[in-house]
Amino acid sequence: MTADSADAIFDGDQTDDRLARAVVEALRAGRSWAHIATDLGVPPPAVRDRLGVTDRDWQEAIVAHENARAARLDDLSRSRLS
């Protein structure tokens, strides 16, 4: 998933749909949330109370990572319009 290309044209809903489909396909193929996050370039979430990192921790890290990526792309597209 290389949706972070600066030359691509992004529609937020379309990008979200593509990401959701890719995640569903990866989960159906038996890949873990940690593996999906690694493919997306998401840094590992912090370990809390020595319990290890849960699937929910990875999911939240993916969401935060993708939200930050979307904000960067939005800023980039706005600066191109200026």
Side-chain angles (χ1 to χ4, degrees):
M1 290 180 241
T2 58
D4 210 6
S5 170
D7 296 326
I9 298 173
F10 291 94
D11 175 326
D13 291 337
Q14 288 178 348
T15 301
D16 290 346
D17 289 345
R18 280 187 229 132
L19 177 62
R21 282 192 305 271
V23 168
V24 168
E25 289 172 17
L27 290 171
R28 283 184 181 155
R31 300 178 76 191
S32 69
W33 283 103
H35 197 105
I36 294 166
T38 300
D39 286 349
L40 293 170
V42 176
V47 176
R48 292 179 279 159
D49 301 325
R50 298 184 194 156
L51 297 176
V53 178
T54 66
D55 282 347
R56 181 162 183 111
D57 294 331
W58 280 112
Q59 292 164 7
E60 290 174 0
I62 290 169
V63 169
H65 178 80
E66 290 301 307
N67 285 341
R69 181 193 56 77
R72 286 190 308 272
L73 293 173
D74 187 48
D75 289 346
L76 179 63
S77 66
R78 288 179 194 218
S79 68
R80 288 183 179 173
L81 295 174
S82 301

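Counting from 1, the numbers follow the sequence of the chain as shown. Every value quoted in this text rests on a predicted model; they were computed, and no experiment measured them.
- The minimum heavy-atom distance linking Leu27 with Trp33 is given by the pair CD1-CZ2, 3.4 Å.
- Counting all heavy atoms, side chain and backbone alike, Asp57 lies closest to Gly52 at OD2-O, 3.9 Å.
- Under the 3.5 Å distance criterion, the side-chain polar atoms of Asp39 are left unmatched by any main-chain donor or acceptor of Ile36.
- Rounding to the nearest 0.5 Å places CG of Leu19 at 7.0 Å from CZ of Arg69.
- Checked against side chain to side chain contact (heavy atoms under 4.5 Å, CB included), Ala70 has no partners two or more places apart in sequence or in another chain.
- By the rule that hydrophobic residues join a cluster once side-chain heavy atoms approach within less than 4.5 Å of another member, Val47 and Trp58 end up as members of one cluster.
- The pair Arg56-Glu60 meets the salt-bridge criterion, with a side-chain N (NZ, NE, NH1 or NH2) lying under 4.0 Å from an Asp/Glu carboxylate O.
- For the atom pair CG of Leu40 and NE2 of His65, the computed distance is 6.0 Å after rounding to the nearest 0.5 Å.
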Could you check Asp55 against Gln59 for side chain to side chain contact (heavy atoms under 4.5 Å, CB included), going step by step and ending with a plain yes or no? CA-CA 6 Å; Asp55 282 347; Gln59 292 164 7; 4.1 Å; yes

